[in-house]
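Remarks on the structure that follows.
Every heavy atom of this structure was used, including side-chain atoms; hydrogens, water molecules and symmetry mates were not.
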Amino acid sequence: MTNHIKKMLGITDENLEILSVEESLLKDKKTLLINARLSPEPKACRNCGSTVWDGEGKQIIVKNGTKASTIRFAPYNHVPTVMKLKKQKYVCKNCQSYSTADASFVKENCFIAEPVKLEIIDLLSKTISYTLISNLCSVSINTVIRTLRSLEVYLPKTKGDALLPEVLMVDEFRSHAPHEDKMSFICADGESGQLVDVLPNKRHDKLEKYFKNYSQKSLDNVKFLVTDMNATYFKLTKTCFKQAKVIIDRFHVVKHINSAFNEFRIREVKKLNQASHQKEAKKIKTNWKLLLKNRKNIDWYVFKSWRSYRAPYSPLMTESMVIDQLLSYSDTLSETYNCFHNLLDYFRNKNQVDFFNYLKNLPKTIDSEFKRKVENLLAYEEGITNALIYPYSNGKLEAKNTHIKTLKRVSYGFKSFRNMRIRIFMINGLIQIK
């Protein structure tokens, strides 16, 4: 029976003897109490090196009572489990020094069993909070944080001779750590998606100082820098990655064009309201998603009743008919709508020549503010052209940012960027404990 209990607890120490198992109240909480004794054979004195027996056959290292300690184990059937362990004490007759038997399942001066720490480490790699981990393992939150901090030595080190990936994705995320900048920096391999590093801020001087720790050979190995339209990252190609081509993430280009059109649509609805065309304005506002829909995906054949055009007051209409009706309310809306979708069609077809030719010769009849905003893309012509030529994007990095946001939400934020960085590496499976 003793061996079965030891296997259940994950203990392999042959010198451990289980005396009894009982239920008891510990700190007013029902607890599974295991009484055990650890009494291995005496060994040579740690202080003077005396052997257990001298040359005359007299025993030098003798037993000298026991020392009681309380060791916390993982809960069993959701009941906290505690071991009351009596460890054998020894005394050396030559130097009068004392020693205590060491247990293999718990470190010296520690009262949390090693299997519990391993379980905490496993749970830290999941997107759950410290509080939940402490409840599952029946330990304090401070114990969870100490265990997390102990893993910092396993973080990948920035080595000058380590090669950076050929395709480097860079982005930022909101960290909310009180003693750091609001926006933190993250970078990853653009081909494998493996996380490279997370830094506390995204300022150019800090990024330049960090990347200068790598050798020039490593910096020159970066052939493509995938980024959004943040000017900070463009400067890195002049100071650090001089051999790299900039690629603007395609998602951010489409988002920029969509945002420009949405802002124009809102302004147009306000103008219609001011001109006493509230019905038309409400219909445009209600069916705004149809105006953003890809023209290739618009339905031309299914007739149905619409929220803004209900039967029997209005005939059954297809999606294309509803869009035509919406565009008839404003000439500027019609012209800008066609321009908006022409740009997106060129971009989706990865036709960079027609995209920039059209962008440089936009119709004069479209909304001036929309025209000004989309013409801002001309400043990023090189990066957008590369985005349409090469297959790389920031999609894998945005997925990591989503995981970080989920971790922050379930953890109710992080006070320490240091703790957050360790957990990010753990979630990505980059901390290898040997």
Side-chain angles (χ1 to χ4, degrees), residues 2-3 5-21 24 26-27 31-53 59-76 80-125 130 133-134 136-155 418-419 422 426 431-434:
T2 296
N3 289 334
I5 296 174
K6 288 165 65 175
K7 287 180 180 179
M8 182 191 73
L9 297 174
I11 299 174
T12 58
D13 197 328
E14 297 179 354
N15 298 309
L16 180 71
E17 180 185 359
I18 305 296
L19 302 176
S20 64
V21 179
S24 176
L26 190 64
K27 295 183 179 179
T31 304
L32 191 65
L33 187 62
I34 301 173
N35 295 303
R37 179 173 59 222
L38 182 66
S39 182
E41 291 297 323
K43 297 180 181 179
C45 179
R46 301 174 186 176
N47 186 42
C48 66
S50 299
T51 58
V52 180
W53 303 87
Q59 188 171 359
I60 305 302
I61 311 299
V62 296
K63 295 181 179 181
N64 186 47
T66 59
K67 178 181 179 181
S69 61
T70 303
I71 301 171
R72 176 77 62 177
F73 280 85
Y76 178 73
T81 304
V82 168
M83 177 181 285
K84 293 290 187 179
L85 180 63
K86 293 182 178 180
K87 294 189 287 187
Q88 186 66 56
K89 293 174 62 179
Y90 305 96
V91 61
C92 176
K93 293 182 178 180
N94 289 339
C95 65
Q96 299 300 315
S97 64
Y98 295 87
S99 61
T100 307
D102 294 328
S104 60
F105 50 89
V106 63
K107 290 185 178 180
E108 188 177 0
N109 300 323
C110 185
F111 301 97
I112 306 295
E114 290 300 297
V116 178
K117 293 183 179 180
L118 292 176
E119 185 175 353
I120 292 173
I121 291 172
D122 180 60
L123 292 173
L124 283 170
S125 63
Y130 295 145
I133 295 174
S134 68
L136 291 174
C137 298
S138 294
V139 296
S140 67
I141 294 178
N142 287 335
T143 298
V144 176
I145 295 176
R146 280 197 302 270
T147 305
L148 177 70
R149 286 285 180 92
S150 68
L151 302 175
E152 193 171 21
V153 296
Y154 298 102
L155 286 176
R418 179 181 170 190
N419 293 347
I422 299 173
M426 292 193 68
I431 291 185
Q432 299 179 354
I433 302 174
K434 300 179 181 179

Subject >> Shortest non-hydrogen contact between Thr31 and Pro80, atoms and distance >> reply: CG2-O, 3.3 Å

**OP:** Taking atom types as modelled, find out whether Lys87 and Thr66 have a side-chain donor-acceptor pair closer than 3.5 angstrom.
**Re:** no

Subject >> Enclosure of Lys86 NZ (heavy-atom neighbours >12, cutoff 6.0 Å) >> reply: no

Subject >> 4.5 Å side-chain heavy-atom contact, Val21 and Tyr76 >> reply: no

Subject >> Nearest-0.5 Å distance that lies between atom CD1 in Ile422 and atom CD in Glu152 >> reply: 4.5 Å

Original post:
Checking Gln88 side chain against Gly65 main chain: does a donor-acceptor pair fall under 3.5 Å?
Top reply: yes

Original post:
Could you state the interatomic distance from CG (Leu9) to CD1 (Ile18), rounded to the nearest 0.5 Å?
Top reply: 6.5 Å

Original post:
For Lys84 and Ile34, what are the C-alpha separation, side-chain angles and deciding distance, and is it a side-chain contact (heavy atoms from CB on, under 4.5 Å)?
Top reply: CA-CA 6 Å; Lys84 293 290 187 179; Ile34 301 173; over 6 Å; no

Subject >> Closest heavy-atom pair and its distance - Ser39, Tyr90 >> reply: C-OH, 4.2 Å

Subject >> Rounded distance (nearest 0.5 Å) linking atom SG of Cys137 with atom CG of Asp122 >> reply: 9.0 Å

**OP:** Return each pair, listed once, that meets salt bridge (charged side-chain N to carboxylate O under 4.0 Å, His left out) where at least one residue sits in residues 108-118; pairs must be two or more places apart or across chains.
**Re:** Glu114-Lys117

Subject >> salt bridge (charged side-chain N to carboxylate O under 4.0 Å, His left out) partners for Arg37, two or more places apart >> reply: Glu17

Original post:
Nearest 0.5 Å, what's the CD1-CZ distance between Ile145 and Arg418?
Top reply: 11.0 Å

Original post:
From Ile71 CD1 over to Ile11 CD1, what is the distance, rounded to the nearest 0.5 angstrom?
Top reply: 8.0 Å

**OP:** Measure the CD1-OG1 distance between Ile120 and Thr143 for me, rounded to the nearest 0.5 Å.
**Re:** 6.5 Å

**OP:** For residues Gln59 and Pro42, report the shortest heavy-atom separation together with the two atoms involved.
**Re:** NE2-CG, 4.1 Å

**OP:** Determine the sole option in Val144, Leu148, Thr147, Ile133 for which the side chain to side chain contact (heavy atoms under 4.5 Å, CB included) test with Ile121 is passed.
**Re:** Thr147

Original post:
Can you find a heavy atom in the side chain of Met83 that is under 4.5 Å from one in the side chain of Leu16?
Top reply: yes

Original post:
Can you name the residues that form a side-chain contact (heavy atoms from CB on, under 4.5 Å) with Phe111, not counting sequence neighbours?
Top reply: Ser69

Original post:
Is the shortest heavy-atom distance from the side chain of Leu33 to the side chain of Leu26 under 4.5 Å?
Top reply: no

**OP:** Would you check if Glu14 and Pro40 make a side-chain contact, meaning some heavy-atom pair closer than 4.5 Å?
**Re:** no

**OP:** For Asn94 and Cys48, work out which heavy atoms get closest and say how close.
**Re:** CB-SG, 4.4 Å

Subject >> Taking every non-hydrogen atom, the tightest pair across Ile141 and Ser134 >> reply: CG1-OG, 3.7 Å

